[in-house]
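Beneath this line is the structure, given in structure tokens, with notes to follow.
Remember, it's 1-based here, ligands and their atoms both numbered in the order they're listed.
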Amino acid sequence: MWQATWLYLYLTWIRPMIKWLLRKILGTCELQRICRGYGGAARTKRVEKSLKLSKYQVLYVFWNFQCTVLQEITHGGAECDVDQTVQGIIQIKGVSQQKDPQFAPSLRGCLVQIRGYQELIHEVEGVRAEAYSSDNQEHENMLLQLWDHLMPDTSLESRITKQWGDIGFQGDDPRTDFRGMGMLGLHNLFFFADQQTELARQVLQHSHHPQYGYSFAIVGINITSLTYSLLVRGKLRTHFYNFPSPPKLSHFHLLYCEYPHFYNFPSPPKLNHFHLLYCHLLVEFDKFWLAEKPRDVMEFTRIRNKFEKKLLSLLRDDSTVLRGSFVEKGEQS
Ligand SMILES: *[C@@H]1O[C@H](CO)[C@@H](O)[C@H](O)[C@H]1NC(C)=O
């Protein structure tokens with residue numbers, strides 16, 4: 001009750017008053033201050049929050065909604081009119097473009113990323129919603145190629161066979177293992193085996209460890225569900241808003257002068273970037289698992305939860321990009 005009252009007061013009186021005061025004193029609006037003071041995910045997240053909390057929230061909602069509808073009609077082909085939105089915000093906020101020439105391009109960069117993340121969710125969701133079907137030749141081919149990439153020296157005796165267990169599927173037909181993750185699970189595994197073949201074989205080999213072994217494909221599908229859940233919960237904004245590289249705040253202005261183009265026109269993340277992140281997380285999970293020296297696979301839930309907690313704490317830091325190893329050497333507890 002108290003919390004609700006406080007929140008109400010904050011949103012309707014206190015926040016607007018602080019903003020009004022700052023505006024009077026500094027002569028800039030909140031969005032301008034954010035765009036000047038921050039870079040990378042720190043900036044984009046703050047812009048997103050400011051737009052959501054703004055009394056012009058309608059603008060944000062309308063913009064997002066309009067883009068989604070547009071995208072549904074054209075199957076992702078349409079560019080949302082980011083520039084029109086930027087001009088709209090500049091008008092509403094009365095920003096002088098002469099006094100603050102960097103504002104429009106910075107804001108534009110943020111909007112591209114905010115929009116790009118929403119579109120990525122949309123796209124990933126589409127792949128997940130597609131169930132594996134044995135009648136679909138593309139699905140079947142992808143599955144068979146997954147085998148060939150991982151097991152180049154062994155051919156499958158038949159489509160339905162216990163051999164699938166060698167790459168960590170449960171039964172004699174992998175079809176039944178995809179379940180909730182649908183084709184997203186297969187796409188992720190396939191991307192890993194196809195694009196990072198050596199690394200994938202290495203992880204597969206670890207999964208055959210006599211003591212710390214696990215089911216490669218089943219764990220792979222579970223890491224798909226982890227990556228997916230981080231994405232839809234908005235937790236991967238840190239990673240993708242810093243994409244493709246994290247500007248360090250202290251270096252930001254310097255970098256900005258050298259590569260203004262890069263910061264003003266960040267590329268929105270695409271499906272392949274989701275797959276890439278997945279590969280990274282699967283490789284990291286494999287290391288994490290081995291470092292934990294589990295008694296048996298019954299420890300999976302505990303270790304997975306610990307891994308997720310570690311990821312979440314990394315993602316709370318606005319400068320994080322998930323790449324490079326984050327399992328420190330000798331990390332065993
Ligand atoms: C992944 O593992 C967790 C923990 O064991 C479990 O709760 C979850 O249902 C699994 N998800 C999938 C898609 O297998």
- Message: I'd like to know whether the aromatic ring centres of Phe191 and Phe274 sit less than 6.0 Å apart in this structure.
- Response: no
- Short side-chain to backbone donor-acceptor contact, Thr197 and Ala193, under 3.5 Å: yes
- Message: Keeping Ser96 on the side-chain end and Lys99 on the backbone end, is there a donor-acceptor pair under 3.5 Å?
- Response: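 Between the backbone of Lys99 and the side chain of Ser96 there is a qualifying donor-acceptor contact (under 3.5 Å).
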- With sequence neighbours left out, write down each residue that passes ring-ring contact (aromatic ring centres under 6.0 Å, His included) with His208, or none if nothing qualifies. none
- Just jot down the ring-ring contact (aromatic ring centres under 6.0 Å, His included) partners of Tyr214, sequence neighbours excluded, or say none.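 With neighbours one apart ignored, the set is Trp289.
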Pairs of nitrogen or oxygen atoms, one from ligand 1 and one from the protein, closer than 3.5 Å: please tabulate them with distances.
{"unit_1": "ligand 1", "atom_1": "2 (O)", "unit_2": "Asn222", "atom_2": "OD1", "d": "3.2"}
{"unit_1": "ligand 1", "atom_1": "2 (O)", "unit_2": "Asn222", "atom_2": "ND2", "d": "2.3"}
{"unit_1": "ligand 1", "atom_1": "5 (O)", "unit_2": "Thr301", "atom_2": "OG1", "d": "2.8"}
{"unit_1": "ligand 1", "atom_1": "11 (N)", "unit_2": "Asn222", "atom_2": "ND2", "d": "3.0"}
{"unit_1": "ligand 1", "atom_1": "14 (O)", "unit_2": "Asn222", "atom_2": "ND2", "d": "3.2"}

- Message: Other members of the hydrophobic cluster containing Ile160, with the 4.5 Å side-chain heavy-atom rule, please.
- Response: none
